[in-house]
Amino acid sequence: MSEVFFALVSILALFALAMNRASLRAWALAVAIFTLGAQMGLAQGDLHWPVFPLWSLLGWFVAGLLFVTSLPEIKRNYIVLPAYRALKDAMPTISETEREALEAGTIGWDAELFSGTPDWEKLRRIAPISLTAEERAFLDGPTTELCKKLDDWRIRHELHDIPDDIWRFVCDRGFLGMLISKEHGGLGFSAQAQSLVLGKISTRSSAGVTIVMVPNSLGPGELIEKYGTEAQKAHFLPRLARGEEIPCFALTGPFSGSDAASMRDIGYVTRGQHEGKETLGIRLDWDKRYITLAPKATLLGLAFRLFDPENHLGRGEDVGITLALIPTNHQGVEIGRRHLPGGTGFPNGPTQGRDVFVPLDWVIGGPERAGQGWRMLMNCLAAGRSVSLPATSAAAAKGLLRTSTAYARIRKQFNLPIGFMEGVEEPLARMIETAYALEAARALTASMVSAGEKPAVISALLKYVSTERMRQSVNDALDIHGGKGVCDGPSNTLQGAYQMVPVTITVEGANILTRTLITFAQGALRSHPYLFTEIEALQEQDRARSIERFAQTFDGHVAFTVSNAAGALFHNLTFGVFASAPPNAGDTRRWWRELARASRSFALVADATVALLGGRLKVKQKVAGRMADALAELYLLSAVLKRFDDDGRVKEDFKLVEYCARNCLHRFEQALLGTLRNFPVRWAAWLMMPLVFPLGLRRRPAKDDAGKEIVRAALEPGAFRDRLTREIFISDDPKDRVGLLDYTLAKVVACEDADKKLERAIRTGEVRRFYDRDWIAEAQHKGVLSETEARDLAELRDLVARVIAVDDFSASELARGQAPAPPPKNDASKPEHIAAE
Ligand SMILES: Cc1cc2nc3c(=O)[nH]c(=O)nc-3n(C[C@H](O)[C@H](O)[C@H](O)COP(=O)(O)OP(=O)(O)OC[C@H]3O[C@@H](n4cnc5c(N)ncnc54)[C@H](O)[C@@H]3O)c2cc1C
């Protein structure tokens, strides 16, 4: 027993030392104490280890070795320098544009997840959703008004454009200046408010929202607000805020898409004529494409590479990427033609310019900002990418869930609402999880940006994960709606979102690139506590200084790695019961602990991935992609747990939180397993496998019954469904295509008992349901239904007919692309059997 006790204490002490990042000397002392303790125990007869003298020798040897290697000179010559030499060539080199991308933006909760020991206080300090009275009034007032005005079918199909009255409305009401400060005539809204406004509009028209989104995202407004000269701010910002200038921003070209920094668009600093005077300026050539709002724009933000062969600016020949503001009516600017992205109706098109001369003070921020364009873009991208696409993706997930739950309860086949069938339950459960988790992540990230953060890694992660999940929700909604979802027309609520999916997947960093390169490969460098500093040290030209800087981080990094290895093994062996959780975590304590446990495993594998793959990480994209997925699951789980707290821990939501947590952790485990199974350095994978999965795969996805429970709750009108679909455009007006669904859903629930009576009578043959009969009147006549029940069911029958109706067109209407909204096939004033004839 004593031997077991002694061994246990020793092992626990070693775990404690490792997990608390003890120094080499502390390790040496600890090993010496154990060895001495064991010797004393043997001497007193408490311990009985037959081969102890050998172990004792080994113990003293290890203690001595640890002590010697802790001596500065020895450590430097025999540990630090060999490590320095080994890593110098293995670590990725960072180009100037990569450095600017890496240094742009901020790190925050992502760094906590990379650390393996997240500080819960940092997450809890992020504010829950909070809007000023003015922001709330804007969201409930003009935003709702705009939603009511937007006719998505007209935009997508008839006009392939945004109608003038919508442009006028958004300009007059200040929608285009949400991010412009009040001082400069804008609304000066927080990121949270902008996110909610954009989300709400997008649930009404995903094409329509772009005209509000683009001016409030990466583009002239934000760039001028942050970097513009005083003159540029005074001139442009009030005009942009009032919609007197319509901006667009052109970065992408035919040969520079994802690799935007490789642009061939070029400007030379030279003298030329401007407004009749000789002026120092830039002669430009560009060819850009895919530019949103370009066909309507009056102000073109242009990115190009600037050269200064005569050194007018005093910064050498290659000045670097530069941003300028060019009025679209300026001589030589070609703009106005359109692309047709996804068949949707928002303005998007190419622009070219040949030999266009612009004065130097058209450079954003003036001549002194020439060459700083990439850094300026990256800084704005981190904030913008955190807001726009997560807002519209989360809103789409919520909106699709609202319509799909209503439809699934209203639409019956085999005498049963399709939502009650297990096959339909599956996609519905997925949609519920997506809507809850994406909204949680959206709100959390928008709050970070509202507080001044520019989350570089989180914004990349959230961009790809929110648009991918939204793509899944759109597909799920289409499956649930069957032919009703497939056939387009004014009454279709899904096709607008379906058309926008590929657009959201492609813009602001196409998803494959964002997942497999940006999120983890750059994220690890950015969020890891030591890596970026180490790589900078390794890239230092002066060798002595390079070694010195490397040595400064070396101890910390080794202790970090050892701590994560021990921490991962310990928490995985003990199922996370000793992992940390925030104080007063309540019912979700278990999931916070699981999150901490998962973060340890992630930190260990992430560290090894970057250290061992180094520069190869850029090409080992399947590994990087899986690590990005693992990080995304940790982020989503953090957001879900925080949302539950922020929402006041509503009891009815707890089941859903558990559902999300189980699935997040299951997918996390699969991502980590995939990484280790395919890890290119096999010996490292074999070492990590028992630390990360000492007891095999333990995390199971949520059970079917749990899915059933949340789906059944979401199929009921009420608080749970409303919370899941908060802050989107909703209506209970049966004349509205979305309002009709909610209105009918309420009637379905109210008429359930009467409907059961009718169905029973139909099953037994007492009443016959055919188009040539009024079966409800017949049921009333036969005493199956009371007069009130018959009246309610007749109303419901007509409403249901309208809900399931699909638009049709004459060939000439479609050929002209001028299909007017046809009258509803089943007019509410007529019973279904008459209307359908
Ligand atoms: C509707 C629409 C609106 C847009 N609006 C604007 C705008 O307003 N302003 C603007 O400047 N641009 C805009 N863009 C451009 C958009 O940002 C680019 O389309 C995007 O950057 C991708 O470039 P690309 O289409 O040329 O694809 P490519 O760069 O050719 O990429 C093709 C595929 O290869 C993948 N890929 C590329 N490189 C890598 C890599 N290293 N590792 C892994 N995968 C990789 C990509 O992820 C993608 O899946 C818009 C695009 C669209 C479609």
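Whatever order the structure lists them in is the order used to number ligands and atoms, beginning at 1.
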**Complete:** Short version for T516: what comes under 4.0 Å of ligand 1, heavy atoms counted, is side chain

**Request:** Check whether any side-chain heavy atom of L293 sits under 4.5 Å from a side-chain heavy atom of N348, and report yes or no.
**Result:** no

**Asked** Nearest protein heavy-atom contact for atom 42 (N) of ligand 1: which residue, which atom, what distance?
**Response** Q621 NE2, 3.0 Å

**Item:** Contact (N/O only, under 3.5 Å) between L513 and ligand 1
**Value:** yes

**Message:** If we count only N and O atoms by modelled type, under 3.5 Å, do the side chains of S450 and Q192 hold a donor and an acceptor together?
**Reply:** no

**Prompt:** To the nearest 0.1 Å, how far is atom 12 (N) of ligand 1 from its closest protein heavy atom, and which atom is that?
**Reply:** T252 OG1, 2.7 Å

**Request:** Take atom 3 (C) of ligand 1 and look for protein heavy atoms under 4.0 Å from it; say yes if you find one, no if not.
**Result:** yes

**Asked** Any idea how W153 and H157 line up, ring-wise: parallel (<30°), tilted (30 to 60°), or perpendicular (>60°)?
**Response** parallel

**Prompt:** Below 3.5 angstrom, do we get any N/O pair linking G509 and ligand 1?
**Reply:** no

**Message:** Return the closest protein heavy atom for atom 8 (O) of ligand 1 as residue, atom name and distance.
**Reply:** T292 N, 3.0 Å

**Asked** So which protein heavy atom does atom 49 (O) of ligand 1 come closest to, and at what separation?
**Response** I512 CD1, 3.7 Å

**Complete:** atom 11 (O) of ligand 1: of N511, L251, T210, the nearest heavy atom sits on L251

**Message:** Counting non-hydrogen protein atoms only, what is the nearest one to atom 19 (O) of ligand 1? Give residue, atom name and distance.
**Reply:** T506 CG2, 3.5 Å

**Request:** Check ligand 1 against I291 and write out every atom of the ligand that is under 4.0 Å from a heavy-atom position of the residue.
**Result:** 7 (C), 8 (O), 9 (N), 10 (C), 11 (O)

**Prompt:** Should D287 and R264 count as an ion pair when the cut-off is N to O under 4.0 Å?
**Reply:** no

**Prompt:** Does the side chain of L400 reach to within under 4.5 Å of the side chain of L494, using non-hydrogen atoms?
**Reply:** yes

**Message:** I'd like to know if atom 14 (N) of ligand 1 has any protein heavy atom within a distance of less than 4.0 Å.
**Reply:** yes

**Request:** Before accepting this row, confirm whether a basic side-chain N of the pair D318/R305 lies closer than 4.0 Å to the acidic partner's carboxylate O.
**Result:** yes

**Prompt:** Which residues pass the side-chain hydrogen bond (donor to acceptor under 3.5 Å, both in side chains) test with R667, sequence neighbours left out?
**Reply:** E433, E633

**Request:** Measure the shortest side-chain to side-chain distance between R156 and Q499 over non-hydrogen atoms and say whether it is less than 4.5 angstrom.
**Result:** yes

**Message:** For the backbone of F729 and the side chain of T203, can you confirm whether one donor and one acceptor N or O come within less than 3.5 Å of each other?
**Reply:** yes

**Message:** Going by the rule ring pair (Phe, Tyr, Trp, His ring centres under 6.0 Å), which residues pair with F357 if we only count those two or more places apart in sequence or in a different chain?
**Reply:** none

**Message:** As an exercise, identify every atom of ligand 1 less than 4.0 angstrom from a heavy atom of A510.
**Reply:** 46 (C), 47 (O), 48 (C)

**Prompt:** Would you say D265 and F255 make side-chain contact, with heavy atoms under 4.5 Å?
**Reply:** no

**Message:** I need the nearest protein heavy-atom contact for atom 37 (C) of ligand 1: residue, atom name and distance, please.
**Reply:** S258 OG, 3.4 Å

**Asked** What part of N348, side chain, backbone, both or neither, has a heavy atom within less than 4.0 angstrom of ligand 1?
**Response** side chain

**Request:** List the closest protein heavy-atom neighbour of atom 52 (C) of ligand 1: residue, atom name, distance to the nearest 0.1 Å.
**Result:** V507 CG1, 3.6 Å

**Complete:** Atoms of ligand 1 under 4.0 Å from any heavy atom of V503, numbered from 1 in the order shown, are 1 (C)

**Prompt:** Are the side chains of I266 and F304 in touch, meaning some heavy atoms are under 4.5 Å apart?
**Reply:** no

**Message:** Checking a contact table here: which protein heavy atom is nearest atom 51 (C) of ligand 1, and how many Å away?
**Reply:** Y290 CB, 3.4 Å

**Fill in**
ligand 1 atoms nearer than 4.0 angstrom to some heavy atom of F249 are 7 (C), 8 (O), 9 (N), 10 (C), 11 (O)

**Protein heavy atom under 4.0 Å of atom 34 (O) of ligand 1** = no

**Request:** Determine whether the side chains of D285 and Y268 contain a donor N or O and an acceptor N or O closer than 3.5 Å.
**Result:** no

**Prompt:** Where the closest heavy atom to atom 23 (O) of ligand 1 is concerned, which of G253, G219, G257, P341 has it?
**Reply:** G257

